[in-house]
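Contents: one structure, followed by commentary.
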Amino acid sequence: RETGHNAWQAPPPTKLKLKPTPESFSGKERRHWEDDANVAGNVHGGTILKMIEEAGAIIGTRHCNSQNGERCVAALARVQCTDFLSPMCIGEVANVSTEITYTSKHSVEVQVNVFSENIFTGTKKLTNKATLWYVPLSLKNVDKVLKVPPVVYSRQEQEEEGRKRYKDQKLERMETKWRNGDIVQPVLNPEPNTVSYSQSSLIHLVGPSDCTLHGFVHGGVTMKLMDKIAGIVAARHCKTNIITASMDTINFHDKIRKVTFTSNKSMEIKVLVDADPIEDSSQKRYWAASAFFTYVSLSQEGRSLPVPHLVPETEDKKKRFEEGKGRYLQMKAKQQGRAEPQP
């Protein structure tokens, strides 16, 4: 039900420090710092997303193999909007708590909560909440989706609410499945604060450690790469320290990374992932996943800074800016609704 992960590997202590700095590490320990966090000591959003997916895959696979039958592994199909409620810092311990909340015939819904703990003070806080959907793939035949054992609900309302969430996500997934990925050509000498100025791309050669038992890339690895390139785009646009504030729904389907919208205190970045089978010339490049990331700009003291206004250069980019504004207002309304006291 729970998995723990240390955000860093501590060297033998010589002096008690409540907030480690890069100078506290050397060699291997400093590489752990660089992998997990930015220069301000905030753990990368991609590192947390990877932990969330790993925990979800464990409980999903365990449940799908809880009855006698063909063995399988739970593959990530969809991630609902993930909110980063509070930053996690290097030196804190991350605890990922997972729970299966609904099962359909061929899919599993997993709710994930991430907590951080300051081991010096004992302070704990909720940093992330996410909902993930998995499908069980046979170990013998990767194209075969197996049936999911039903979960036992404590209340009938839980099953009804879960069924509604399942239908809603299935409808939304079908709406996005056949959208074409964007192809944006690089612009020479773009003007500052334009879409073209900050757009970036990242190439990653998949290795064995990135893959599942089927040889496919872990969903958490993909999300970590998506957050990494989105962070590069956000930093280019703001030229300040930035942190992940939220991640919109990711649908793993079958290219470009760019800023699409900015408000006064946040920016939305669109990330699309495609895969290129370099060892098989008969297979064409295909669209793998897509998502919107939201980032905020921070000062050296960790205070929120205004985000430079984005300048859309073309009619198409202006349209995408307005679409981003609509998503921003919708997300803000949902957050305000959750914050209102219930009667």
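The figures that follow rest on heavy atoms only: side chains count, while hydrogens, waters and symmetry mates do not.
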Do the side chain of Thr47 and the main chain of Val43 share a donor and acceptor less than 3.5 angstrom apart?
-> no

Taking atom NZ of Lys124 as the centre, report whether more than 12 heavy atoms of other residues, nucleotides or ligands fall under 6.0 Å from it.
-> no

Side-chain heavy atoms of Ser107 within contact of Val148, under 4.5 Å | no

State the OG-CG distance between Ser297 and Asn264, to the nearest 0.5 angstrom.
-> 12.5 Å

Just by modelled atom types, is the Pro308 backbone N or O under 3.5 Å from a matching donor or acceptor in the His237 side chain?
-> yes

What's the verdict on side-chain contact (heavy atoms from CB on, under 4.5 Å) for Glu53 and Tyr134, showing C-alpha distance, side-chain angles and the deciding distance?
-> CA-CA 10 Å; Glu53 197 280 325; Tyr134 290 84; 3.5 Å; yes

Would you say the side chain of Glu160 lies within less than 4.5 Å of the side chain of Gln156, judging by non-hydrogen atoms?
-> yes

Over all atoms of both residues, closest heavy-atom pair of Pro150 and Thr103 = CA-OG1, 3.6 Å

Side-chain heavy atoms of Met267 within contact of Val296, under 4.5 Å | no

Nearest-0.5 Å distance, CG of residue Leu85 to CE of residue Met88 = 10.5 Å

Say whether, by atom type as modelled, one donor and one acceptor occur between the side chain of His63 and the main chain of Ile100 under 3.5 angstrom.
-> no

Mind running salt bridge (Lys or Arg N to Asp or Glu O under 4.0 Å) on Lys50 and Glu54 for me, showing each step along the way?
-> CA-CA 6 Å; Lys50 188 171 183 287; Glu54 287 174 347; 2.8 Å; yes

Reported CE-to-OG1 distance for the pair Met223 and Thr82, which is rounded to 0.5 angstrom = 7.0 Å

Going from CG on Leu310 to NZ on Lys318, what distance comes out if it is rounded to the nearest 0.5 angstrom?
-> 12.0 Å

Thr294 to Ser266 - nearest heavy-atom pair and separation | CG2-CB, 3.9 Å

Donor-acceptor contact present, side-chain Asn141 to main-chain Asp143, <3.5 Å = yes

When clusters are formed by joining ILVMFWY residues with side-chain heavy atoms under 4.5 Å apart, either directly or through shared neighbours, do Val135 and Leu146 land in the same one?
-> no

Residue that, paired with Glu109, satisfies salt bridge (charged side-chain N to carboxylate O under 4.0 Å, His left out) out of Lys164, Arg165, Lys170, Lys167 | Arg165

Quick one: does Thr131's side chain get under 4.5 Å of Val79's, heavy atoms only?
-> no

Within a reach of under 6.0 Å around CD of Glu157, are more than 12 heavy atoms found that belong to other residues, nucleotides or ligands?
-> yes

Gap between atom CG of Asn95 and atom CD of Glu117 - 0.5 Å precision = 8.5 Å

Measure the shortest side-chain to side-chain distance between Val273 and Met226 over non-hydrogen atoms and say whether it is less than 4.5 angstrom.
-> yes

Option from Asn128, Leu126, Thr127, Ile52 for which side-chain contact (heavy atoms from CB on, under 4.5 Å) with Asn113 holds = Leu126

Heavy-atom nearest pair, Phe115 first then Ser97, reads CE1-CB, 4.5 Å

Taking every non-hydrogen atom, the tightest pair across Ser200 and Ile232 | OG-CG2, 3.8 Å

Evaluate the side-chain contact (heavy atoms from CB on, under 4.5 Å) criterion for residues Ile58 and Thr98: first the C-alpha distance (whole Å), next the side-chain angles of each, then the deciding distance (0.1 Å), finally the verdict.
-> CA-CA 9 Å; Ile58 290 172; Thr98 61; over 6 Å; no

Got Gln158 and Thr101 here, is their nearest side-chain heavy-atom distance under 4.5 Å?
-> no

So, His309 versus Phe321, ring centres under 6.0 angstrom or not?
-> yes

Which heavy atom of Ala37 sits nearest a heavy atom of Ile90, and at what distance?
-> CB-CG1, 3.3 Å

Shortest non-hydrogen contact from Ala230 to Ile269?
-> O-CD1, 3.1 Å

Could you go step by step and tell me if Lys319 and Glu322 meet the salt bridge (Lys or Arg N to Asp or Glu O under 4.0 Å) rule?
-> CA-CA 5 Å; Lys319 178 183 177 182; Glu322 292 301 319; over 6 Å; no

Test log, rule salt bridge (Lys or Arg N to Asp or Glu O under 4.0 Å), inputs Lys140 and Glu70 | CA-CA 8 Å; Lys140 297 179 179 179; Glu70 193 170 346; 5.6 Å; no

Ignoring hydrogens and geometry, is there a side-chain-to-backbone donor-acceptor pair from Ser299 to Arg303 under 3.5 Å?
-> yes

One should read off an interatomic distance between Leu49 CG and Thr222 OG1, to the nearest 0.5 angstrom, of 11.5 Å

Between Asp227 and Thr244: side-chain donor-acceptor atoms closer than 3.5 Å | yes

Can you find a pair of side-chain heavy atoms, one from Cys89 and one from Asn42, that are under 4.5 Å apart?
-> yes

Going by heavy atoms in the side chains, are Lys270 and Glu268 under 4.5 Å from each other?
-> no

CA sep, side-chain torsions, deciding dist, call: Val96, Val112, side-chain contact (heavy atoms from CB on, under 4.5 Å) | CA-CA 7 Å; Val96 185; Val112 183; 3.5 Å; yes

Parallel under 30°, tilted from 30 to 60°, perpendicular over 60°: which one fits the rings of Trp133 and Tyr102?
-> perpendicular

What do the steps show when you test Arg78 against Gln80 for side-chain contact (heavy atoms from CB on, under 4.5 Å), and what is the final call?
-> CA-CA 7 Å; Arg78 177 181 171 87; Gln80 296 292 116; 2.6 Å; yes

